[in-house]
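Notes follow the structure.
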Amino acid sequence: MAEHEEDDVGPRSFWSGTITFGLVSIPVELFPGSRSQRVSLRMVAPDGTPLVRRYFCPKEEKALEWDEIVRGYEIEKDTYVVVTDDELMKLAPEKTRDIDLRQFVDVAQLDPMHFERAYYLTPGGNSTKAYRLLAATMEQTGRAGIATFVMRGKEYLIAILAENGILRAETMRFADEVRSVEDVELPAAEKPGATRVRAMEKAIAALSESALDESELEDRSAEKLLELVARKERSGKDVVAAPAGEAAPASEGIIDLMEVLKRSLQGTAGGTAKRAARRDAEGAGREKAASPSKTGRKSPKSNGNAAAKSDARAGGKSSPTAGGKSGRKSGGKAAPPTREGAKWSKSHLRAQSKDELYEQAKKLNIEGRSSMTKDELVDALSNA
């Protein structure tokens, strides 16, 4: 499901809708029930420059642009059925704000092996009384609800559980995603002798506690890693920083693998633009030379690619205004420098993302643009 950012105040609702069954409709909001606190390490060059990933074609021995990549389902070794973005969009479920509660089952029938990720459901609007009534009734009767809902172009199967007057939603793995005991191929069971049983009982009793020790839930490996980082930072050993003024290139062909999977079913320009803005904001934070008149960012080529190209063809080129700020096209991208705009200078070009510079170089048919660094693109465009 969706990732969620938190601040010091606490988690925020990232989805709202309505639990519906029969004649009952209860507005609710969805909150994350967990958060990822794993300590992660980034791949960097020896001088501290963050590394990037590219999709590389081993046959042609070159990195591919996003619009050169297609998706395929492997039906046999090295044989694929190609599936287009338009076809994926047609398969996407109908957008709705309803949590369609299909049935109630005994809680004991739910195997925790099917649970994937936990979320909290809280009352939305003025639904507190109805929400509390549903939670209390489910808890007293020992029932759980099985429901489906759609978020960001994907349908989720969830189990709704009631505990201490609060509803919790657990996304569920589908039947073919859970292995059975038979799949593990355990050896045949043997009846142990009475002596071995008593010995095992004593061993368990020696470690038995009345309640779970919360310290057992601490990530000791992460703590050790952070302590090591802190020691090295204080000593100055092995501390490297990216060269001043350099930003990790956001060029074509550099693809976040998780983003590719998410885009495959989202198919919405809004989601693409939001991810592009987040990526550009991160890139801007690494650049020291930032221009106050920075133009709009170019969204990555994704499911909304055809629409973006159509907008680019329909929109005219904009020119600098009297105040000196660059104009914008309807798609939010900066227009390439024209003869009149040549006076924009290299500082104006450096303020743009590499994606924007590449698109301008592409329109001006500058040769060798695919292998150019951002600085090389700036030089080439300023001399074009």
Side-chain angles (χ1 to χ4, degrees), residues 1-21 24 26-40 93 96-125 127-128 130-180 211-223 258 261-262 265-266 271:
M1 293 180 71
E3 296 179 357
H4 177 71
E5 298 178 358
E6 299 177 15
D7 55 20
D8 294 336
V9 177
R12 301 169 184 157
S13 168
F14 62 90
W15 188 92
S16 60
T18 305
I19 295 178
T20 62
F21 61 98
V24 178
I26 305 175
V28 292
E29 294 184 351
L30 197 64
F31 288 80
S34 60
R35 58 183 175 184
S36 178
Q37 294 288 84
R38 303 295 172 124
V39 177
S40 60
T96 176
R97 306 301 297 183
D98 290 340
I99 296 179
D100 184 14
L101 209 163
R102 300 182 176 182
Q103 59 178 312
F104 288 97
V105 299
D106 194 319
V107 173
Q109 291 184 346
L110 298 180
D111 187 346
M113 286 281 287
H114 285 274
F115 293 166
E116 188 170 24
R117 193 170 183 181
Y119 296 85
Y120 289 115
L121 286 167
T122 64
S127 66
T128 303
Y131 172 96
R132 294 294 187 186
L133 176 60
L134 174 61
T137 305
M138 290 175 60
E139 194 167 0
Q140 291 169 6
T141 58
R143 293 284 173 174
I146 303 299
T148 58
F149 81 108
V150 176
M151 182 174 65
R152 298 186 180 179
K154 182 177 179 180
E155 184 176 70
Y156 294 90
L157 176 68
I158 59 173
I160 300 178
L161 307 171
E163 295 178 351
N164 300 319
I166 302 296
L167 295 179
R168 189 179 81 245
E170 293 274 357
T171 55
M172 300 185 70
R173 296 182 175 91
F174 294 101
D176 58 353
E177 295 180 298
V178 178
R179 295 184 184 275
S180 66
L212 175 65
D213 184 354
E214 294 294 331
S215 65
E216 295 295 334
L217 301 178
E218 296 175 358
D219 190 344
R220 295 186 178 90
S221 296
E223 291 177 356
M258 290 305 297
L261 296 176
K262 293 175 184 176
L265 287 179
Q266 286 171 0

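Numbering of residues begins at 1 and proceeds along the displayed sequence.
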Nearest-0.5 Å distance, CZ of residue F21 to CG of residue D100: 11.5 Å
Any residue meeting salt bridge (charged side-chain N to carboxylate O under 4.0 Å, His left out) with E139, in chain and number order, not counting sequence neighbours: none
The single option from M172, M151, E116, R117 passing side-chain contact (heavy atoms from CB on, under 4.5 Å) against Y156: M151
Atom CZ of R220: over 12 foreign heavy atoms under 6.0 Å: yes
Close side-chain approach of L134 and I160, heavy atoms under 4.5 Å: no
Nearest atoms (heavy-atom pairs only) where P27 meets S127: O-OG, 2.8 Å
Side-chain donor-acceptor pairs of residues 140-150 under 3.5 Å, sequence neighbours excluded:
| unit_1 | atom_1 | unit_2 | atom_2 | d |
| --- | --- | --- | --- | --- |
| T141 | OG1 | T137 | O | 2.8 |
| T141 | OG1 | M138 | O | 3.4 |
| T148 | OG1 | R102 | NH2 | 3.2 |

Contacts of type salt bridge (charged side-chain N to carboxylate O under 4.0 Å, His left out), residue E223, not counting sequence neighbours: none
Side-chain donor or acceptor of R97 paired with backbone N/O of T18 under 3.5 Å: no
Polar side-chain atom of T128 near backbone of P123 as donor-acceptor pair, under 3.5 Å: no
Non-neighbouring partners of S40 that pass side-chain contact (heavy atoms from CB on, under 4.5 Å), sequence neighbours left out: none
Nearest heavy-atom neighbours spanning T122 and F31: OG1-CE1, 3.2 Å
ring-ring contact (aromatic ring centres under 6.0 Å, His included) involving Y120 - partner list, sequence neighbours excluded: none
Counterpart residues, side chain to side chain donor-acceptor pair (under 3.5 Å), relative to S215 (two or more places apart): D213
Show me, pair by pair, the donor-acceptor contacts under 3.5 angstrom made by side chains of residues 162-169, not counting sequence neighbours?
| unit_1 | atom_1 | unit_2 | atom_2 | d |
| --- | --- | --- | --- | --- |
| E163 | OE1 | R168 | NH1 | 2.8 |
| E163 | OE2 | R168 | NH1 | 3.1 |
| R168 | NE | E170 | OE2 | 2.9 |
| R168 | NH2 | E170 | OE2 | 3.3 |

Flag side-chain contact, heavy atom, 4.5 Å: R152 against W15: no
Pair D111-V178, side-chain contact (heavy atoms from CB on, under 4.5 Å): steps then yes or no: CA-CA 10 Å; D111 187 346; V178 178; 5.6 Å; no
By ring-ring contact (aromatic ring centres under 6.0 Å, His included) - contacts of Y131 (at least two apart): none
Flag side-chain contact, heavy atom, 4.5 Å: L121 against I99: yes
S16 OG to L30 CG distance, which is reported to the nearest 0.5 Å: 9.5 Å
Heavy-atom side-chain contact between L101 and T20 under 4.5 Å: no
Which atom of E155 lies closest to which atom of P93, heavy atoms considered: N-CG, 3.8 Å
